[in-house]
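Chain letters run A, B, ... following the sequence lines, proteins first, then strands; residues in each count from 1.
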2 protein chains.
Amino acid sequence: MTDELSHQGYRMTPQRLMIVAAVENSSNHISADEIYSQVVAKYPNVNVSTVYRTLELLERLGLVTKTDLGGGRVMYHPVEKGHHHHLVCKECGAIIDLDESALMPLKESLLHQYQFIADLRHLGILGVCVNCRQQTPKKPAESQQGE
Amino acid sequence: MTDELSHQGYRMTPQRLMIVAAVENSSNHISADEIYSQVVAKYPNVNVSTVYRTLELLERLGLVTKTDLGGGRVMYHPVEKGHHHHLVCKECGAIIDLDESALMPLKESLLHQYQFIADLRHLGILGVCVNCRQQTPKKPAESQQGE
DNA sequence: CTTGTAGTTGCAAATATTTGCGCTTAAAGG
DNA sequence: CCTTTAAGCGCAAATATTTGCAACTACAAG
């Protein structure tokens, strides 16, 4: 990714090098906060805003994807490590992985019908998983124990 | 929606009545902030957190959908007013409306293959629209004027 | 190696949304 | 009506992320 950045005319600052390294070394997904922790460990004076700004840049250049997997934190993933999606259960928070191919038909149809290039490289799709299908949403009075 | 709320055992407070009214009277989408403004005009001491909590409740009960249409604000939409989706251009911010049917095949396949009930009632799909297809992302040096 | 300049950063404040907590009140029962 | 009590509220603080601005620095040119 660093090559890509400098070839595109962006400056290679130590902050960027470390942020890029953190994203590349992450096994799968990584949050801005985790990146920040890693970077601060070596450069104690870097700021979170730099992390966010760098991630925004990487996303704009198509080098990383940004995905909301629920739970308040947005996750980042290097594009070069392959595309995939996630089914996120609203009830239990379970995350089921999904192959990229699952959204290809949709991407195609949006392209043909609307000439819209949908960014469907790394989606978090909300819903309810098999295990939570039976359960009804808990009402105020009857909050006994719905296990 | 108020009927639904009271039948489910929730209290009908003046705050809720007004928040529900604001959502129901909105022509299409409405943000938490807009709802808050409307409600505060009559009950000057209501708090934003009440607006958010009520919207969360309405969403949990399946009465409203919550959709990120870009631009920092999440938008709410009453389910009873019909389902649809939006193609959101990352470059120019344009929003193209999409019929609910466009995502039916995906919903079906997720249901059959993963027994996952995907909540695809009101999506914001990011991408690049026709008008912005040509333009390349602006690099630092060459930021002449691409407007 | 020195310098000029635009790209970057740090900082602090703004924004959008969430949450803990003690006080208030809707609504059921007497 | 009056009482009771848990649902709901206001408030203030926390969280995640963004942004304006002045200071800083990577790097191309001299």
Between [N] ([atom2]) and [X] ([atom1]): distance, integer Å:
X     : N      : atom1 : atom2 : answer
B:E59 : C:dT17 : CD    : P     : 12 Å
B:H7  : C:dA27 : NE2   : P     : 12 Å
A:I19 : C:dT8  : CD1   : P     : 12 Å
A:R60 : D:dT18 : CZ    : P     : 12 Å
B:Q8  : D:dA7  : CD    : C1'   : 15 Å
A:L5  : D:dC27 : CG    : P     : 11 Å
B:M75 : C:dT17 : CE    : C1'   : 15 Å
B:Y10 : C:dA28 : OH    : P     : 15 Å

Regarding B:Q38 and B:E34, is there a side-chain donor-to-acceptor distance under 3.5 Å anywhere?
->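 No, no side-chain donor-acceptor pair sits under 3.5 Å.
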
Assign each of B:Y76 and B:M12 to its nearest nucleotide of DNA chain C by heavy atoms, then name whichever residue's nucleotide is nearer the 5' end.
->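 Final value for this comparison: B:Y76.
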
Residue closer to the 5' end of DNA chain C, B:P14 versus B:K66 (nearest nucleotide) =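 Here B:K66 is the residue nearer the 5' end.
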
If you look at every strand shown and take non-hydrogen atoms under 4.0 Å, does A:E56 touch a base, only sugar-phosphate, or nothing?
->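 The answer is nothing, as A:E56 stays clear of every strand by at least 4.0 Å.
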
Assign the ring pair B:H84 / B:H77 to parallel, tilted or perpendicular, where the plane angle (0 to 90°) is split at 30° and 60°.
->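 Rings of B:H84 and B:H77: perpendicular, as their planes differ by over 60°.
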
Among B:D33, B:V40, B:I19, B:V46, find the residue that satisfies the side chain to side chain contact (heavy atoms under 4.5 Å, CB included) test when tested with B:V51.
->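 The residue from B:D33, B:V40, B:I19, B:V46 that satisfies side chain to side chain contact (heavy atoms under 4.5 Å, CB included) with B:V51 turns out to be B:I19.
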
Hey, could you give me the NZ/NE2 distance between B:K81 and B:H83, rounded to the nearest 0.5 Å?
->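 One finds 13.5 Å between NZ of B:K81 and NE2 of B:H83.
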
Got a sec, which residues hit side chain to side chain contact (heavy atoms under 4.5 Å, CB included) with A:E108, two or more places apart in sequence or on another chain?
->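 With sequence neighbours excluded, A:E108 shows a side chain to side chain contact (heavy atoms under 4.5 Å, CB included) to A:H112, given in chain and number order.
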
Set of residues satisfying side chain to side chain contact (heavy atoms under 4.5 Å, CB included) with respect to B:N25, sequence neighbours excluded =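 Listed in chain order: B:A21.
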
Confirm from the modelled atom types if A:R11 and C:dG7 form a donor-acceptor pair under 3.5 Å, side chain to base only.
->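 When only heavy-atom distances are counted, A:R11 does reach the base of C:dG7 through a donor-acceptor pair under 3.5 Å.
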
So does B:R73 reach the base of C:dA16 with its side chain, donor to acceptor, closer than 3.5 Å?
->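 No.
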
Has B:Q15 got a side-chain N or O lying under 4.0 Å from the OP1 or OP2 atom of C:dA26?
->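 Checking B:Q15 against C:dA26: no side-chain N or O falls below 4.0 Å of OP1 or OP2.
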
Within the side chain of A:K66, is there an N or O that forms a donor-acceptor pair under 3.5 Å with the backbone of A:L55?
->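 Between the backbone of A:L55 and the side chain of A:K66 there is no qualifying donor-acceptor contact (under 3.5 Å).
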
Between residues 25-55 of chain B and DNA chain C, which residues have a heavy-atom gap below 4.0 Å?
->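 Those residues whose heavy atoms fall under 4.0 Å from DNA chain C, taken from residues 25-55 of chain B in numerical order, are B:S49, B:Y52, B:R53.
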
